[in-house]
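To keep things clear, I will list the structure first and then write my remarks on it.
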Amino acid sequence: MKTENMTKIMMANRSSMPSIEEYIEQIRPLWNSRWLSNEGAILQKFKASLENYLGLGNIELFVNGHTALELAISSMGLSGEVITSPFTFISTPNAIVRNGLTPVFCDISEEDFNIDVQKIESLITEKTTAIVPVHIYGNPCDLEGIERIAQKYNLKVIYDAAQAFGVEVDGKSILEFGDITMVSFHATKCFHSIEGGMLSFKDSRKREQLRKVKSFGIVSEDGTELLGVNAKMNEFQAAMGICNLSHFEGYLEKRKSIHMRYREQLAEVPGIKLAKHRANVKPNYTYMPAQVDKEAYGLDRDELLERLSAEHIFADKYFYPLVVDYEYYRDRYSEIELPTARHVANSMVLLPMHTEMEFKDVDRVCEIIRRSSK
């Protein structure tokens, strides 16, 4: 039974949602049309809204981000080896492997936790055909450095921007860089369509290829012309996307205020390092990552998580373990040295961050962190 004195449970993430009345109004036409999938009117409206919001013309929508990434890689006609980051969700290397390619893991930068551009060239061989960098926590990679290397070695660049919807660099959408970019609309992201994914691409000729491949390769009632899958976003997903897109700027402002409150409260805590945003970047504040230095703070990351959990605050280890330590990859990469990625994976915590948080919630988290330090 709930009581007024019951301690509030706080999760690391919570999906932003419109009112139920707003969502019902979006899906109401489906009870007349019965057009629930196969790119009906609601999905077309969602796609047009995204193109308008992002200022992009070459986009396609998919059932989820992972499938979109698999198809993005497949569409590039790659072979051999692909360089990527070990500090990411398991989806990234899985999409590479499921395309018959070999992931080559590059260590990350201590500054932004993204792939270390200074270490990429040493991993390039005659088998290398692409780089799949990840904009970790929505924080942009070294775009210029990656482009320079790609041009020098004639490599394709496929960005995993799963967490980077709405991010801009020098006034340009993060989705305008590289040959093709995937963004996830999963429910845990700052913008979502329950599930869903999107590809943005430079070559407009890819549009028809991607539209065909996500619908079994069907080109007419008489048959197919390529090996396809079922990767279509449905109308219910698109309706949620339409609703959330109309509120997205408000979501961003709320997340920004929460982010700034954390920075104010934790600025002077020894051993707690908060991620920074570059001046030329418009961030989406999708996560609140904090690195814990045991020597300076007095507790390691896991001990801090235990303190928070005891107060019904459930922060997260993200990303832990490194993807090379998952069972499928462990034996194949047992000898690989990734000192920075391992250090970050063992010291990073994601503090609660979502649009329903209030300043008093942030203050409660920060008060526990401050009094837990040595």
Side-chain angles (χ1 to χ4, degrees), residues 66 69 73 78 80-99 101-143 145-146 148-150 153 155-164 178 182 271 273-276 287 289-297 300-302 304-305 316-350:
H66 175 82
L69 183 59
I73 295 170
L78 305 175
E81 298 176 348
V82 174
I83 297 173
T84 192
S85 171
F87 188 65
T88 182
F89 188 53
I90 194 66
S91 171
T92 311
N94 283 2
I96 294 169
V97 172
R98 287 175 58 83
N99 272 287
L101 304 167
T102 301
V104 175
F105 295 102
C106 179
D107 207 358
I108 65 173
S109 165
E110 185 79 48
E111 291 304 307
D112 60 13
F113 319 125
N114 288 317
I115 193 168
D116 190 337
V117 171
Q118 303 303 316
K119 297 177 181 177
I120 291 177
E121 286 193 81
S122 66
L123 299 174
I124 295 173
T125 71
E126 68 280 358
K127 297 180 180 179
T128 308
T129 55
I131 309 171
V132 178
V134 184
H135 299 305
I136 215 70
Y137 306 137
N139 195 21
C141 297
D142 180 349
L143 300 164
I146 290 169
R148 184 172 60 250
I149 292 170
Y153 294 95
L155 304 176
K156 300 297 184 182
V157 178
I158 304 159
Y159 278 110
D160 181 339
Q163 305 162 357
M182 179 278 293
K273 175 186 174 184
L274 302 179
K276 297 179 181 179
Y287 297 110
Q291 210 173 350
V292 183
D293 179 350
K294 181 177 181 178
E295 185 174 346
Y297 183 66
D300 64 24
R301 185 269 312 277
D302 291 352
L304 175 57
L305 284 171
D316 202 359
K317 305 177 187 181
Y318 208 56
F319 296 90
Y320 177 89
L322 294 180
V323 292
V324 294
D325 293 330
Y326 279 76
E327 185 173 354
Y328 178 85
Y329 297 97
R330 191 180 303 140
D331 291 342
R332 295 168 175 80
Y333 296 94
S334 59
E335 303 300 320
I336 192 170
E337 294 185 7
L338 301 164
T340 304
R342 291 198 179 281
H343 171 67
V344 172
N346 288 324
S347 59
M348 185 65 71
V349 57
L350 292 191

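Heavy-atom minimum distance, T340 versus S109: CG2-C, 4.1 Å. A290 and L274 get closest at one heavy-atom pair: CB-CD2, 3.6 Å. Of all heavy-atom pairs spanning A345 and L322, the tightest one is CB-CD2, 3.7 Å. Nearest approach of F113 to A275, heavy atoms of both residues: CE1-CB, 4.1 Å. Closest non-hydrogen pair, A150 versus V157, comes out as CB-CG2, 3.4 Å. The shortest non-hydrogen separation linking V323 to S85 is CG2-O, 4.4 Å.
In terms of the salt bridge (Lys or Arg N to Asp or Glu O under 4.0 Å) criterion, E110 has no residue partners (sequence neighbours excluded). In this view, R148 satisfies the salt bridge (Lys or Arg N to Asp or Glu O under 4.0 Å) rule with no residue, not counting sequence neighbours. Applying the salt bridge (Lys or Arg N to Asp or Glu O under 4.0 Å) test to D302 and every residue at least two apart in sequence or in another chain returns K317.
How far CD1 of I158 is from OG1 of T92: 11.5 Å, rounded to the nearest 0.5 Å. One finds the CG atom of L338 at 8.5 Å from the NZ atom of K119 (value rounded to the nearest 0.5 Å). Atom CZ of F105 is separated from atom CD1 of I336 by 7.0 Å, given to the nearest 0.5 angstrom. Taking CG of L155 as the start and CD1 of I146 as the end, the distance is 11.5 Å to the nearest 0.5 Å. How far OG1 of T128 is from CD of E81: 5.0 Å, rounded to the nearest 0.5 Å. The CD1 atom of I120 lies 6.5 Å from the CD1 atom of I83; values are rounded to the nearest 0.5 Å.
Note on residues 323-335: pairs passing side-chain hydrogen bond (donor to acceptor under 3.5 Å, both in side chains), not counting sequence neighbours, are N94-Y329, D325-R342. Within the structure, the salt bridge (charged side-chain N to carboxylate O under 4.0 Å, His left out) test picks out no pair touching residues 133-142 (sequence neighbours left out).
A heavy-atom distance below 4.5 Å is not found between the side chains of D160 and F89. Between T125 and V104 the shortest side-chain heavy-atom distance does not fall below 4.5 Å. The shortest side-chain heavy-atom distance between P339 and D107 falls under the 4.5 Å cut-off. Contact annotation: the side chain of D293 never approaches that of K273 to less than 4.5 Å [non-hydrogen atoms, C-beta and beyond]. The side-chain heavy atoms of I96 and T84, taken from C-beta on, include a pair separated by under 4.5 Å. Contact of the K156 side chain with the T129 side chain is not registered, since no non-hydrogen atoms from C-beta on lie closer than 4.5 Å. Within the 4.5 Å cutoff, no side-chain heavy atoms of I73 are placed close to those of V82. Using a 4.5 Å heavy-atom threshold, the side chains of P86 and I108 count as touching.
A donor-acceptor pair is defined here as one N or O able to donate and one able to accept, closer than 3.5 Å; such a pair exists between the side chain of R301 and the backbone of M348.
Around atom CD of Q118, no more than 12 heavy atoms belonging to other residues, nucleotides or ligands sit under 6.0 Å away.
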In a table with atom names and distances, give each donor-acceptor pair under 3.5 Å that connects a side chain of residues 130-141 to protein atoms at least two apart or in another chain.
unit_1, atom_1, unit_2, atom_2, d
H135, ND1, C141, N, 3.0
Y137, OH, Y318, O, 2.2

